Amino acid sequence: MAADNQIESVLKEDRVFEPPRQFVEDAVLKPADIKALYAAAEADHEAFWADQARQYLDWHKPFTQTLDASKAPFFEWFADGQINVSYNCLDRHLADRGDKTAIIFEGDDGEVEHISYRDLYTRVCRFANALKAAGLAKGDRAVIYLPNVPEAAVAMLACARIGAIHSVVFGGFSAPSLRDRIDDAEAKMLITADGNYRGGKLIPLKETADKALAEGGATIETVVVLKRAGADIAMADGRDVWWHDFVADQPSECEPTWVEAEHPLFILYTSGSTGKPKGIQHASAGYLLGAICTCRWVFDLGDEDVFWCTADVGWITGHTYIAYGPTACGATQVMFEGVPTYPEPDRFWKMVDTHQVTIFYTAPTAIRALMKHGDEYPQRHALDSLRVLGTVGEPINPEAWMWYRELIGKSRCPIVDTWWQTETGGHMITPIASYTPTKPGSVTQALPGIDADILDESGERVTNAGAGGVLVIKKPWPYMLRTIWGDPDRYRGTYFGMYDAHTYVAGDSAQRDEDGDFRILGRIDDVVNISGHRLGTMEVESALVAHEAVAEAAVVSRPHEVKGEAIIAFVILKDGEGDDRLASDLRDWVAEQLGAIAKPEEVRFADGLPKTRSGKIMRRLLRTVARGDEITQDVSTLENPQILEQLQARGS
Ligand code: PRX
C-alpha cells in the first residue's frame with residue numbers, strides 16, 4: 001500500500017502513565033512474572049500455551065498434542081485432552097473455597113444476595129440434572145434468554161456440565177431476533193424468565209419469547225421459566241415449566257460429562273457486515289484457558305479481589321468476565337441486574353463502595369454517559385477499594401479516559417483498555433495492569449502468546465509509526481472462535497479470506513505509535529477517504545467528544561465531488577439544541593484538533609444516535625441519512641427508531 005493510500009492518524013497523545021508504584025508492590029503478578037510470560041511466549045508459542053493449559057486447567061485426561069493446524073483455518077487446541085468447564089469453575093474450588101462468596105448479586109431494586117461457591121455448585125448440579133431429565137444431551141443446544149441474574153450463570157454452567165451447547169441471547173433483543181437465533185441453532189430448549197425490572201421498568205421476557213415461538217422455534221421442546229418479576233404470563237401446557245418446579249426433585253450432585261477439549265462450549269450470535277447474525281462458536285478448553293489467563297494477567301485478579309464486570313451475560317464480555325473467567329479463578333464477583341443511572345447516576349459508584357469492589361470493568365459508553373451527569377456523583381463516594389479499572393468494546397476518547405482515571409481511579413488505579421471481540425473470546429491487545437505503561441486511548445500491546453500486527457492491503461507489514469492498516473493476528477491462539485455455526489465457508493471468508501489461512505483478519509484498522517503501542521482506528525468499513533487521505537472516523541468522533549459542549553458524536557462520510565468523500569458529523573450536545581454558530585465552531589475545533597483534512601463538512605445536531613440494543617451506533621444507517629437516501633435497511637434492532645426521523649428532518 002502506498003504511503004498516500006494508508007489510513008492516516010493525526011491524533012497525538014503524549015501522556016504516559018507508568019503502573020503506580022504502590023499498585024505494583026501490592027500486585028499478585030509482578031513485572032518480572034509478566035516479563036517471563038512474554039519471553040516464554042516469544043521463545044515457543046505452542047509450548048507456552050501448553051504450559052498455561054497445564055497450570056491453569058484441571059484435565060480429566062491430559063492432552064498430548066497442543067496445536068493442530070493441519071486443517072487451517074480450522075485450528076484445534078489440546079484436542080486429545082478431556083475436560084469439563086463447569087468442573088473447572090466449581091468443583092475444584094470446593095475444598096479450599098467452598099464457603100467463599102462466588103457472586104454478590106445486586107438486583108435492580110437494591111436487593112443483595114451472596115452466593116458461595118458451594119451454593120453455586122449445588123444450584124448448577126440441580127439444574128444440570130433437570131436438563132438431563134428433560135432430555136437435553138451432550139451437543140444439544142439450549143437458548144438462554146434471561147436477565148443479568150445469577151440463574152443465567154447457573155444455566156450456562158449447567159449446560160457446560162452436561163456437554164450441552166448454550167446460546168445466550170441478550171434480554172434486550174426482540175422476538176424476531178430471538179426466533180432467528182433459536183432457529184439457526186436448532187435449539188431444543190429455551191430458558192427464560194417471566195420478566196424482570198431494569199431501571200424500574202418491566203422487561204417482559206416471557207411475552208417476547210412467546211411471540212418468538214409463535215413465529216418459529218419449531219425445534220423447542222421445553223421452555224423453562226424463572227420467576228423473577230412476578231409478571232402475569234401464559235404457560236403453555238406440556239411445553240413450559242417453572243424453574244423452581246423443574247429443579248424441585250433433583251439431586252444436588254451431578255457427575256460432570258467429560259468432553260473433548262474442542263467440544264463446543266457455546267454459540268454467541270454477533271452482527272456481521274450482512275444482515276444475518278453470525279453464530280460464533282467457541283471450544284471448551286481453549287476458551288476457558290483464555291478467560292483464566294486474561295483475568296489473571298490483565299486485571300491481576302487474585303484471591304482477595306472483588307471483581308465487577310458491568311456487562312450483561314448476553315454479550316461476550318459477560319460470558320468471559322462474568323460466567324467463566326472469575327469463577328474459573330475462584331474469585332468473588334459482583335453481578336448487577338440494573339442500569340448505571342437508576343435510581344440515580346451514582347449507582348455504580350455506590351455499589352463499588354457497598355461491595356468494596358477492587359477491579360471494575362465497564363464500557364466507554366457508560367463512562368461517557370456518567371461523566372455527562374457531572375462530577376458530584378462519583379464525589380459522593382469514597383471509591384477507595386478500587387485498584388484496577390478496565391474498559392472494553394469501543395475506543396475510549398482521551399477525555400473520558402482521563403475522567404475515569406481521575407474521578408474514579410483517583411489517579412491511583414491503572415486503566416486497562418482491552419481490545420478484543422466476540423470472535424477472539426478474551427482480551428488480545430491491552431495493557432497488563434501491573435506491567436504496561438498506559439496512554440489515554442491506546443490499547444498498547446498484544447498479550448503474551450498473541451501475535452498481533454498491522455498489514456497493508458498487499459499483506460506487507462505496516463511499520464511506520466502513525467501509519468494505519470489492517471489489524472491481524474498471525475498465529476492461532478487457544479481462545480479463538482472455531483467456526484461460524486453451520487457456516488464454515490463464511491468463517492473462512494470473513495476471517496481468513498483477505499490474506500491466508502493463518503492470518504486472522506479482525507475487521508478493524510489500527511496504527512502503532514513511536515513506542516509500538518496499538519491504537520484502534522475503527523472498523524475497516526468505518527474508514528473514510530478525504531482528498532485521498534484515509535481517516536478513521538472514530539478519531540474525528542474522539543475530537544468532537546473532547547469539546548466541552550459535546551456528549552456524543554458519530555461520524556460518517558458521503559460522496560463529495562471534489563474531495564471524494566466528505567465528513568458528516570452527528571452530534572449530541574450535553575445541553576441545548578445547537579445552532580449554526582456552534583456547528584461552525586465544532587468544525588473549526590476538529591480542524592484544530594486533527595488538521596484541516598478532518599474538518600467535517602456538516603455538523604448535524606440530534607437528541608440521540610441510532611443504536612442497536614447493545615449500544616453500538618448503527619453507522620450504516622447514518623451513512624444513508626447523511627446521503628439523504630431512503631432507508632432500506634432493517635431497523636428492527638434499533639433501540640430508538642424514532643431518532644431516524646429526527647435525523648432526516650434536520651438535514652440541510
Ligand atoms: O471494533 C472493535 C471494538 O469492538 C469490536 C468487537 O465488538 P464485539 O464483538 O461486540 O465485542 C465487544 C466486546 C469485546 C472490535 O472489532 N472494540 C472492542 N474493544 C475495543 C474496541 N475498539 C477500540 N478499543 C477497544 N478497547
Side-chain angles (χ1 to χ4, degrees), residues 7 9 11 13 168 170 172-173 267-273 277-282 287 290-291 294 298 309-322 324-325 361-368 389-398 400-401 404 415-431 436 438-447 452 468 470-473 479-481 484 494-495 504-511 517-527 536-539 541-542 545 554 611-619 637:
I7 302 160
S9 168
L11 192 70
E13 178 55 68
V168 184
F170 173 58
F173 274 117
I267 305 164
L268 183 58
Y269 287 86
T270 187
S271 307
S273 48
K278 301 177 279 192
I280 303 300
Q281 182 182 318
H282 279 284
Y287 169 80
T294 55
V298 176
C309 165
T310 70
D312 188 285
V313 280
W315 307 114
I316 190 67
T317 308
H319 281 56
T320 309
Y321 299 105
I322 297 177
Y324 293 112
Y361 189 35
T362 196
T365 303
I367 298 169
R368 285 196 293 267
L389 301 176
T391 73
V392 56
E394 52 182 317
I396 179 164
N397 50 301
W401 197 98
Y404 199 29
I415 296 180
V416 291
D417 177 355
T418 59
W419 177 85
W420 60 294
Q421 309 174 294
T422 304
E423 292 88 341
T424 71
H427 301 155
M428 299 291 283
I429 309 180
T430 170
T436 318
T438 56
K439 295 168 194 165
S442 170
V443 294
T444 71
Q445 298 281 323
L447 288 174
V470 175
L471 180 60
V472 297
I473 312 296
Y479 48 106
M480 68 193 295
L481 79 165
I484 292 175
T494 305
Y495 304 110
Y504 172 82
V505 176
D508 281 346
S509 60
Q511 62 168 173
D517 282 336
F518 286 87
R519 185 182 293 272
I520 306 298
L521 298 171
R523 298 294 301 184
I524 289 174
D525 43 12
D526 288 333
V527 168
T537 52
M538 285 176 186
E539 286 192 289
E541 292 169 9
S542 202
V545 174
K611 287 187 182 173
T612 63
R613 280 161 215 279
S614 64
K616 281 213 192 311
I617 298 167
M618 294 182 77
R619 286 193 172 69
T637 54

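This is a predicted model, so every value here is computed, not measured. Whatever order the structure lists ligands and atoms in, that order sets their numbers, starting from 1. We're numbering straight along the sequence, starting at 1.
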Is there a donor-acceptor contact under 3.5 Å from the side chain of [X] to the main chain of [Y]?
X: T418; Y: T391; value: yes
X: T320; Y: G425; value: yes
X: Q421; Y: A506; value: yes

So for ligand 1, is [X] a polar contact partner (N or O within less than 3.5 Å, distance only)?
X: T418; answer: yes
X: D417; answer: yes
X: Q421; answer: yes

So which heavy atom in the protein is nearest [atom], and how far is it from that ligand atom?
atom: atom 13 (C) of ligand 1; answer: T317 OG1, 3.5 Å
atom: atom 6 (C) of ligand 1; answer: W420 O, 3.7 Å
atom: atom 23 (C) of ligand 1; answer: P395 N, 3.1 Å
atom: atom 8 (P) of ligand 1; answer: T422 OG1, 3.6 Å
atom: atom 25 (C) of ligand 1; answer: E394 O, 3.6 Å

* Asked: Which atoms of ligand 1 have any heavy atom of V392 under 4.0 Å away?
  ->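 This gives 13 (C), 14 (C) as the contact atoms.
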* Y361 and H427 aromatic centres sub-6.0 Å -> yes
* Within the 6.0 Å centroid threshold, strictly below: Y321 and W420 ->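 Yes, the ring centres sit under 6.0 Å apart.
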* E541 vs E394, side chain to side chain contact (heavy atoms under 4.5 Å, CB included): CA-CA, chis, key distance, verdict -> CA-CA 12 Å; E541 292 169 9; E394 52 182 317; over 6 Å; no
* Would you please test T438 and D417 for side chain to side chain contact (heavy atoms under 4.5 Å, CB included) and show each step? => CA-CA 9 Å; T438 56; D417 177 355; over 6 Å; no
* To do: Check whether any heavy atom of G393 sits under 4.0 Å from an atom of ligand 1.
  =>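 Contact present.
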* To do: Nearest heavy atom to atom 1 (O) of ligand 1 wins, so pick from D508, I396, T424.
  =>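 Minimum heavy-atom distance to atom 1 (O) of ligand 1 goes to D508.
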